[in-house]
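The next block holds one structure in the form of structure tokens; read it before the comments.
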Amino acid sequence: LKEFIMEPDAEMILAHKIRTVEKQPVSWNREGVWETIKGEVAPAKKPYRMYFYAAAVIFFFLSVAYVLQQRSEKPVSEVMSIKPKSHTANPEILPQVERAEESLDSPISRATKIETNQIVVPERNELVIEVPDDPQNETILTQVLVEESDPVQDSKIEPIIGRYDPLQRTEAVTGAKRRRQLHKLETSEIKSGADYKNAILIARIK
Amino acid sequence: LSESELVRQCQKGNAKSQQQLFNLFADRFYRFAFRYVKDQTEAEDIVMIAFVKIFNNLKKFTYHEVGSLEAWMRKIVINEALMCLRKKHNFYLTESLDEENPTHDGEAFQDTDGEYLYQLILELPDGYRTVFNLYAIEGYDHSEIADLLGITESTSRTQVFKARQLLKRKINLEGIHYGT
């Protein structure tokens, strides 16, 4: 029993003495070790700063690019009014649709032929005539417009007489919807579903 | 700064507080590591690696009371010291004796100077010294030592017993020497 009791006492005395000794200052390469520790611990913070700087630079360039893009971009309606192109030789349908239809028989599947439509639809050689509200001028204008040098189409020329609304002008000239927009003209002579390849539009401005 | 405030500052990454913490514990941890590895360069490496781990893991530490910080740091230093020892010493091959009833002599330790005891412990063979340090000074039990060193509990007991016997013999010899 005596031995059993003495064991923890002896260990406690020994531990206490050793720990007291170890608390006393000793000469060793403390400064050198600290310099190494400082170098090892500090780099852990650097990458985080680098990430922040990199993110800030990327964000800055993206914002600059976005602003420049916004400045260079113009509204579609503005572009359409600025660029009056002549495409008399082209058919009525959009160029993309035409190409897709031409290559239906090719070995390439149709799915690969899907293309994005152009934003600006080329305008045809349009002619908008402003006619004063006088029915006598209609005959004169028709004679002036048809000249001998103009290419003659085989199909019959059908005049469409009605009233033209300037607010619908931009819509009336946009390709695929054109025929439907013609129905908006207030006229009794327009034929639903008719093919107006050679139509002369004579309309009074509202 | 109080110990808790020092911990808080170090957790924020304050370099001055980190240096203050290092200065506070570096000497004792150096001597502590030296008691295990008995080599100045290795002890310095242990202190260095241990403090890097301490600073990197200090955010996980929760301060409870006075002494809890040192106890937590001591465990890190012990682990580093044992890793260093494992590289050059196979504790599994340490000889194991049959179980004996160890005899203790508390008075022998009580009358001996601390610095002298420290030197005597350093003179013990690696296996004895490591197990004795862990058991008698750090307060680990034999099952914990067995897990740490990959040995059996019986081996751990034997190592402690033999270390004590050696220390006692050295103290007695010195007593005779000083007495004559």
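Note on naming: letters A, B, ... go to the chains in the order of the sequence lines (proteins, then strands), and numbering restarts at 1 for each one. Since we're looking at a predicted model, the values are computed, not measured. Just the heavy atoms: all of them, side chains too, but no hydrogens, waters or symmetry mates, feed the values below.
- Contact annotation for B/I121: only side-chain heavy atoms (C-beta onward) come within less than 4.5 Å of a heavy atom of chain A.
- Interface remark: B/Y118 contributes backbone and side-chain atoms alike to the contact with chain A (heavy atom separation under 4.5 Å).
- Here the shortest heavy-atom pairing between B/I46 and B/A81 reads CD1-CA, 3.7 Å.
- Cation-pi geometry between B/R8 and B/Y63 is not met: the NZ or CZ atom fails to fall both under 6.0 Å from the ring centre and inside 45° of the normal.
- Residues B/R28 and B/E70 are paired through a salt bridge, judged by an N-O separation under 4.0 Å between the basic side chain and the carboxylate.
- In this structure, the portions of B/F32 lying under 4.5 Å from any heavy atom of chain A include both its backbone and its side chain.
- By number of non-hydrogen pairs under 4.5 angstrom with chain A, the leading residue of B/M48, B/E115, B/E138 is B/M48.
- Salt bridge annotation for B/K38-B/E123: absent, with no cationic side-chain nitrogen under 4.0 angstrom from a carboxylate oxygen.
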